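First up is the structure itself, then whatever we jot down about it.
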Amino acid sequence: MAGTIDALLLACRRRLADGGVAEAGREARILVAGLLDFTATDLLTRGGDVVSDDAAARIEAGLARRLAGEPVHRILGRRDFRGLTLLLSAETLEPRPDTECLVDAVGPLVADCVARTGGCRILDLGTGTGAIILALLDEHPLARGVAVDLSADALATATANAERHGLVSRFGACRSDWFSAVDGVFDVIVSNPPYIASSIVDVLEPDVRDHDPRLALDGGADGLDAYRVIAAQSRRHLTQQGFIGLEIGYDQDNAVVDLFEGFDFRLVQRARDLGGRDRVLVFQPRN
């Protein structure tokens with residue numbers, strides 16, 4: 001595979017389409033731009049550039065991986081989230097655009113806390129790449145946060161992402177099974193926990209099932225195990241005026257609300273994702 005960038009891009013698109021990849025044109029652009037370290041503008045303005053043999057070989061190898069079922073951002077080893085380019089690793093969930101809805105919902109609460117107290121302490125449970133907490137720290141310079149994960153690999157990746165975006169001075173990492181090793185009290189707790197029922201994980205799309213870590217997907221028999229732990233244990237780590245913001249599965253709204261109300265929380269906000277499905281719930285302790 002050689003020639004100009006335009007020719008290479010066209011060949012990639014055709015091979016992805018022939019291989020049954022949905023949105024083949026979009027994925028071809030992401031793959032080629034990522035492997036060439038190009039911007040979207042570069043693809044448009046440098047289409048006549050001749051591709052070197054090394055670059056062509058790199059793209060051929062990436063294309064083969066994609067046709068074998070590996071997601072394009074796994075091949076690149078990174079994905080953008082809310083303006084931050086985040087490194088991925090084997091034990092991190094690939095951050096999705098729908099999770100930005102959680103940042104949208106919680107961001108004003110962080111801003112209000114900063115305005116009231118001069119700062120905001122954030123706890124991110126099951127941080128993975130650090131996407132949620134790093135986005136909040138990036139957008140709120142007076143906030144500080146602790147990222148929790150059971151996976152040492154995930155914590156190393158989140159820390160590397162904090163370093164690459166200049167946020168590490170306000171970022172701490174804690175290896176913990178949910179709250180088991182967490183100390184202190186926080187103004188905001190956020191989490192995108194595993195919420196897929198165990199029986200469903202094995203029949204997910206191969207892009208997810210075979211490449212996202214099961215630890216970040218499997219929420220137990222009914223998908224609610226993590227929410228039970230968070231509802232039961234978060235009160236002692238949350239200020240009375242604090243908030244908990246959670247991502248949920250599309251059909252879990254009522255069940256999660258019932259859980260948290262049972263532990264004396266009240267629902268203060270719902271938010272939907274880009275597809276109009278229930279995606280975020282925000283709770284506050286009852287007085």
Side-chain angles (χ1 to χ4, degrees), residues 1-101 103 128-131 134-135 138 153-154 156-167 203-214 216-217 273-275:
M1 185 189 299
T4 66
I5 289 170
D6 278 346
L8 184 146
L9 194 59
L10 179 60
C12 282
R13 181 179 63 78
R14 286 175 173 168
R15 288 176 62 184
L16 290 173
D18 290 345
V21 174
E23 298 185 277
R26 173 179 168 274
E27 291 218 8
R29 291 191 296 274
I30 292 171
L31 185 65
V32 171
L35 292 174
L36 293 178
D37 200 22
F38 273 20
T39 66
T41 301
D42 289 334
L43 285 184
L44 293 173
T45 60
R46 298 178 59 182
D49 288 7
V50 175
V51 180
S52 70
D53 290 342
D54 285 347
R58 200 159 61 244
I59 292 168
E60 178 65 36
L63 185 60
R65 289 168 65 182
R66 183 66 190 104
L67 289 170
E70 188 172 355
V72 65
H73 291 288
R74 291 282 178 193
I75 296 167
L76 300 178
R78 61 189 184 273
R79 181 158 186 172
D80 288 347
F81 181 86
R82 210 166 178 93
L84 303 176
T85 299
L86 301 176
L87 302 175
L88 307 177
S89 59
E91 295 182 25
T92 60
L93 187 72
E94 185 182 325
R96 268 71 168 187
D98 282 334
T99 300
E100 294 193 18
C101 299
V103 180
T129 61
L134 294 178
D138 182 58
D153 171 85
T157 303
T159 301
N161 284 326
E163 290 171 345
R164 71 188 273 123
H165 291 290
L167 299 169
V203 296
L204 292 171
E205 290 296 320
D207 280 13
V208 176
R209 181 193 64 218
D210 298 338
H211 298 280
D212 279 330
R214 190 174 185 113
L217 299 173
D273 63 18
L274 303 175

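Residue numbers start at 1 and run along the sequence shown. Treat the numbers as computed from the prediction; the structure is a model and nothing was measured.
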>> Between R74 and D207, is the side-chain contact (heavy atoms from CB on, under 4.5 Å) condition met? List the steps.
In response: CA-CA 10 Å; R74 291 282 178 193; D207 280 13; over 6 Å; no
> Can you list the steps and then say if L274 with E100 is a side-chain contact (heavy atoms from CB on, under 4.5 Å)?
Replying inline: CA-CA 9 Å; L274 303 175; E100 294 193 18; over 6 Å; no
> Can you check side-chain contact (heavy atoms from CB on, under 4.5 Å) on L93 and T129, steps first, answer last?
Replying inline: CA-CA 7 Å; L93 187 72; T129 61; over 6 Å; no
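Across all their heavy atoms, F81 and A131 have their closest contact at CE2-O, 3.5 Å. Counting all heavy atoms, side chain and backbone alike, R82 lies closest to A135 at CD-CB, 3.9 Å. What you find for G62 and L31 is that their closest heavy atoms are C-CD2, 4.0 Å.
If you take SG on C12 and CD1 on I30, they are separated by 12.5 Å, rounding to the nearest 0.5 Å. We find the CG-CZ distance between L88 and R78 to be 9.5 Å, quoted to the nearest 0.5 Å. To the nearest 0.5 Å, atoms CG (L44) and CG (D6) are separated by 9.0 Å. With rounding to the nearest 0.5 Å, the separation of CZ in R15 from CG in L63 is 4.5 Å. Taken from CG in L8 to CG in L43, the straight-line distance is 10.0 Å, to the nearest 0.5 Å. How far CD of E23 is from CZ of R29: 9.0 Å, rounded to the nearest 0.5 Å.
Side-chain contact between L87 and T92: absent, with no pair of heavy atoms (C-beta onward) separated by less than 4.5 Å. The closest side-chain heavy-atom distance from H165 to L134 is not below 4.5 Å. Side-chain contact between V51 and T4: absent, with no pair of heavy atoms (C-beta onward) separated by less than 4.5 Å. Annotation: side chain of F38 is in contact with side chain of I5 (closest heavy-atom distance under 4.5 Å). For the pair R58 and L36, the minimum side-chain heavy-atom distance is below 4.5 Å. A heavy-atom distance below 4.5 Å is not found between the side chains of P71 and V208. Inter-residue side-chain proximity for L84 and N161 is flagged as unmet; no heavy-atom pair is nearer than 4.5 Å.
For R66 (side chain) and I75 (main-chain N/O), no donor-acceptor pair under 3.5 Å exists by modelled atom type. Formation of a donor-acceptor pair under 3.5 Å by the D210 side chain with backbone atoms of E70 is not found in this model.
Within the structure, side-chain hydrogen bond (donor to acceptor under 3.5 Å, both in side chains) pairs that include any residue of residues 30-39 comprise T39-D42 (at least two apart or interchain).
More than 12 heavy atoms of other shown residues, nucleotides or ligands fall within 6.0 angstrom of atom CZ in R214.
A salt bridge between D212 and R96 is present, with a side-chain N of the basic residue lying under 4.0 Å from a carboxylate O of the acidic one.
Contacts of S89 classified as side chain to side chain donor-acceptor pair (under 3.5 Å), with partners at least two apart in sequence or in another chain: D153, T157.
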